[in-house]
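Quick note on labels: first sequence line is chain A, next is B, and so on, each numbered from 1.
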Amino acid sequence: MSEHNETTEDQLIEGRRSKHEAVLSSGGYPHRFDRTDLAADLHTRFNDLEPAAVTDERVSVAGRLMLHRSFGKLQFGTLQDVSGTIQLFVDRKTAGRDVAEEFATFDLGDWIGAGGLVMTTKRGELSIKVDELDLLQKSLRPLPDKWHGLHDVEQRSRRRYVDLIVNQEARAVAMTRAKIVSELRDQFCRRGFIEVETPILLHQATGAIARPFVTEHNALDVEMYLRIATELYLKRLVIGGMERVFEIGRIFRNEGIDATHNPEFTMLEAYQAFADFRDIMELIEKVFVGVARAAGGGVDIVYQGRELHLGGPYRRATLTELVSERVGTEVSLDTPVESLRTHARDAGVEYEDDWSAARLLSEIYEEAVEASIWEPTFVTHQPIEVSPLSRRNADDPRLADRFELVIAGSEYANAFSELNDPDDQRARFETQAAAREAGDEAAHPIDEDYLLALEYGLPPTGGLGIGVDRLVMLLTDQAHIREVILFPTLRPEHGAAE
RNA sequence: GGGUCCCUAGCUCAACUGGCAGAGCACCGGGCUUUUAACCCGUUGGUUGUGGGUUCGAGUCCCACGGGACCCA
């Protein structure tokens with residue numbers, strides 16, 4: 001058909017485009033297509049069909065043409081739909097010349113619809129004996145290598161649609177993520193939690209210790225911030241009497257990008273009135289078991305080549321216990337700072353001279369302990385200094401009734417008995433504000449409106465936050481967050497504007 | 001922010017210490033009635049990320065820029 005045989009990308013596109021234009025000038029593409037079956041359903045339904053069988057079952061399927069094999073008068077195609085693949089069998093003799101010739105003009109990647117009888121080949125491959133074909137939409141661009149697919153990590157992220165077309169793994173992760181999120185929602189709804197939506201665009205970024213994205217509202221002529229947590233709004237709702245609330249939402253933190261951080265990520269936060277942090281531990285154990293099952297792997301999984309057990313109960317250990325284990329001797333907030341400095345040094349942890357015992361302990365934990373925890377562990381009773389929104393422990397007010405759930409060396413959940421004393425909360429905010437004054441941009445600002453709300457009374461409440469992306473990584477055995485986010489944040493492709 | 005490495009055909013990858021840019025897939029042409037990444041035969045396809053420099057000669061060496069990967073902070 002073409003007089004020149006050039007095959008740069010433009011020319012590959014040109015060949016497809018001329019077929020496309022031929023379709024347009026002869027009436028165009030169908031606006032819809034009646035499909036009777038998904039590929040996967042056909043495989044289930046005709047599982048028992050013996051080789052070389054032809055049924056009288058007429059079906060129609062639709063999807064993308066992924067492979068094409070031609071034998072002169074016989075053609076085979078692999079059609080991929082959302083559920084999987086099914087083979088198309090085109091016999092010039094039975095399908096007719098028109099159908100056979102049309103099929104031969106299709107390019108890999110084209111969206112097609114096909115109708116015919118269900119059959120199996122001599123080798124037993126379930127197929128459709130095609131006698132009707134529709135080209136639903138041409139793909140003007142060639143697909144990546146049919147065997148190697150698309151490997152380039154950057155292109156897989158930038159053109160996720162291509163990744164999804166050619167890489168089965170990418171599709172599986174996306175599907176599993178959807179199941180996980182759906183199961184999370186279900187787990188909380190089933191327990192009487194009400195799903196809510198709180199603002200993303202705020203006058204103050206509160207509820208966590210992180211740098212926000214800044215934007216502006218034109219009509220109000222004010223600077224605004226994208227939320228860094230949903231925490232304080234959800235607690236306002238508990239104050240309002242919505243005793244159990246949760247939100248699964250996008251959170252934005254203006255920080256670096258690495259294997260476990262994307263500037264926008266998904267967090268689930270839930271708050272339960274009349275519960276404390278110990279109740280929340282039990283809740284999380286149940287939720288994680290349910291979610292692991294929904295993800296299809298069960299509670300005993302393998303993450304990055306190593307076994308991991310998500311069936312509870314999980315180990316509970318205080319932060320000071322874990323640090324004591326690490327340094328080989330009993331330490332606590334009462335250990336002299338000198339001695340903690342020595343332990344820090346021995347553990348290779350750098351510190352500043354003005355750090356308190358609390359700060360030294362949490363630093364040793366973060367730098368020298370957390371990464372070595374493998375099986376799920378509730379690390380409890382963080383110092384108050386690093387927990388500005390947590391309730392104090394009744395026995396030792398220097399500690400928070402708080403925990404982090406650590407699995408495979410990273411944090412999957414953060415939870416606590418919520419601080420509901422408005423005066424203590426004000427004092428904590430003021431401490432944070434002082435740190436902010438001293439140059440710590442990420443320190444928590446004072447949220448006067450939240451303090452006002454607290455004065456109306458927050459009942460004793462347990463709350464939690466779960467990093468959904470990391471949970472998906474865990475359950476899909478992915479080492480990088482970009483693999484579980486369909487469109488991860490990237491630099492603009494052709495350099496930054498300006 | 002610091003360090004190391006990578007960018008070659010649409011895709012996946014080659015090209016010894018600087019010496020004629022190549023293969024497989026895809027595409028195009030031919031053959032083939034049960035293939036499974038079909039196979040066989042024959043073509044075609046390149047501003048080696050961009051811009052400079054060194055050199056008789058640069059994919060290869062140097063500099064800058066763009067994008068990416070990994071490690072560290």
Side-chain angles (χ1 to χ4, degrees), chain A residues 1-19 39 43 49-54 65-80 84-97 100 103-110 119-130 138-159 162-163 165-168 211 254-261 348-352 363 366-367 371 479-483 488-498:
Chain A
M1 129 184 304
S2 173
E3 59 282 0
H4 32 183
N5 299 324
E6 300 142 328
T7 54
T8 64
E9 188 177 23
D10 283 346
Q11 282 141 356
L12 288 172
I13 292 170
E14 208 176 294
R16 288 167 178 249
R17 190 172 275 283
S18 66
K19 294 180 193 171
H43 284 289
L49 207 56
E50 70 278 8
V54 183
L65 184 65
M66 296 303 290
L67 292 170
H68 181 255
R69 300 176 282 280
S70 160
F71 286 76
K73 298 195 176 61
L74 270 191
Q75 297 174 79
F76 299 86
T78 301
L79 188 76
Q80 173 173 289
T85 60
I86 183 83
Q87 179 164 269
L88 302 180
F89 176 89
V90 178
D91 182 343
R92 188 189 186 104
K93 207 167 182 180
T94 56
R97 214 174 127 225
F103 195 65
T105 66
F106 291 168
D107 291 295
L108 300 187
D110 289 353
M119 59 163 278
T120 50
T121 62
K122 285 179 183 168
R123 295 275 180 87
E125 174 89 14
L126 188 68
S127 309
I128 313 283
K129 194 173 167 65
V130 174
K138 269 209 85 64
S139 170
L140 297 179
R141 287 179 181 269
L143 292 179
D145 189 289
K146 66 184 179 187
W147 180 242
H148 297 98
L150 187 64
H151 276 191
D152 185 280
V153 171
E154 181 184 358
Q155 289 307 317
R156 288 186 40 238
S157 298
R158 286 195 196 279
R159 302 199 191 176
V162 177
D163 189 33
I165 293 167
V166 300
N167 293 327
Q168 193 270 329
R211 287 175 56 183
N254 203 341
E255 285 156 14
I257 298 174
D258 64 26
T260 55
H261 295 87
V349 176
E350 290 180 21
Y351 57 87
E352 306 283 335
E363 203 70 15
E366 294 220 354
E367 297 302 320
H480 206 294
I481 197 168
R482 67 168 166 252
E483 300 298 338
T489 305
L490 296 165
R491 279 205 171 80
E493 197 161 6
H494 298 294
E498 278 118 314

Roughly how many Å apart are B:U8 and B:G3, using the C1' atom of each and rounding to a whole number?
26 Å

For A:P142 and for A:K73, find the nucleotide of RNA chain B with the closest heavy atom, then tell me which residue's nucleotide is more 5'.
A:P142

Please tell me if A:R123 has a side-chain N or O lying less than 4.0 Å from either OP1 or OP2 of B:U35.
yes

Test side chain to side chain contact (heavy atoms under 4.5 Å, CB included) applied to A:T85 - qualifying residues, sequence neighbours left out
A:T78, A:Q80

Closest listed nucleotide, where the reference is the side chain of A:D152 and the choices are B:U12, B:A38, B:C28
B:U12

Check whether any side-chain N or O of A:N167 sits under 3.5 Å from a backbone N or O of A:L150 as a donor-acceptor pair, and report yes or no.
yes

My understanding is that only residues two or more places apart in sequence, or in another chain, count here; which of them pass ring pair (Phe, Tyr, Trp, His ring centres under 6.0 Å) with A:Y351?
none

Tell me whether the count of non-hydrogen atoms from other residues, nucleotides or ligands lying under 6.0 Å of CZ in A:R16 goes above 12.
yes

Between atom CG of A:L490 and atom CD1 of A:I257, what is the distance when rounded to the nearest 0.5 Å?
7.5 Å

Ignoring backbone atoms, test whether A:R158 places a side-chain nitrogen or oxygen under 4.0 Å from the OP1 or OP2 oxygen of B:G68.
yes

Integer angstrom distance from the P of B:A26 to that of B:C63:
42 Å

Contact list (N/O, under 3.5 angstrom) for nucleotides 71-73 of chain B vs protein:
none

Are A:F76 and B:A38 stacked, counting the six-membered base ring, centres under 5.5 Å, planes under 30°?
no

Please report the closest heavy-atom contact between A:L65 and A:D107, naming both atoms and the distance.
CD2-O, 4.0 Å

Would you kindly give the CG-to-C1' distance between A:D163 and B:U12, to the nearest whole Å?
15 Å

If you compare every side-chain N and O of A:K146 against the phosphate oxygens of B:A37 (OP1, OP2), does one of them come in below 4.0 Å?
no

Should stems be defined as at least three consecutive Watson-Crick or G-U pairs with both distances under 3.5 angstrom, which of them involve RNA chain B?
B:1-7 with B:66-72, B:10-13 with B:22-25, B:28-31 with B:39-42, B:49-53 with B:61-65

Can you tell me, in whole Å, how much space there is between the P of B:U44 and that of B:G24?
13 Å

Kindly indicate whether the side chain of A:D145 and the base of B:G10 share any N or O donor-acceptor pair separated by less than 3.5 Å?
no

Of all heavy-atom pairs linking A:L12 and A:P142, the shortest is CD1-CG, 3.8 Å

What N/O pairs connect the protein and nucleotides 1-7 of chain B at under 3.5 Å? Give each pair on its own line.
none

Examine the base of B:U44 for any acceptor or donor lying under 3.5 Å from a partner atom in the side chain of A:Q11, and report the outcome as yes or no.
no

Minimal non-hydrogen separation, A:S127 against A:T121, with atom names:
OG-CG2, 3.6 Å

Can you list everything that forms a ring pair (Phe, Tyr, Trp, His ring centres under 6.0 Å) with A:F103? Sequence neighbours excluded, please.
A:H68, A:F106

Could you measure the distance from the CD atom of A:E255 to the NE2 atom of A:H261? Nearest 0.5 Å is fine.
7.5 Å

With rounding to the closest Å, how many angstrom separate the C1' atoms on B:U36 and B:C25?
16 Å

Determine the Euclidean distance between corresponding P atoms of B:G10 and B:C65; express it in Å to zero decimal places.
28 Å

Looking only at side-chain N and O atoms, does A:H480 come under 4.0 Å of OP1 or OP2 in B:C70?
yes

Under 4.0 Å: is that the gap between some side-chain N or O of A:R69 and OP1 or OP2 of B:U35?
no

Nearest-0.5 Å distance that lies between atom CZ in A:R69 and atom CG in A:L88
10.0 Å

Pairwise P distance, B:G45 and B:A21 [rounded to whole Å]
15 Å

Can you tell me how far apart CE (A:M119) and NZ (A:K129) are? Round to the nearest 0.5 Å.
6.0 Å

Using atom P of each nucleotide, how far apart are B:C27 and B:A14 to the nearest Å?
24 Å

Earlier contact from the 5' end, RNA chain B, for A:P144 and A:R482
A:P144

What interatomic distance, in whole Å, is found between C1' of B:A15 and the corresponding atom of B:A23?
11 Å

Distance check, rounded to the nearest 0.5 Å: A:L108 atom CG versus A:M66 atom CE?
8.0 Å

Taking only side-chain N and O atoms of A:H148, does any of them lie within less than 4.0 angstrom of OP1 or OP2 on B:G24?
no

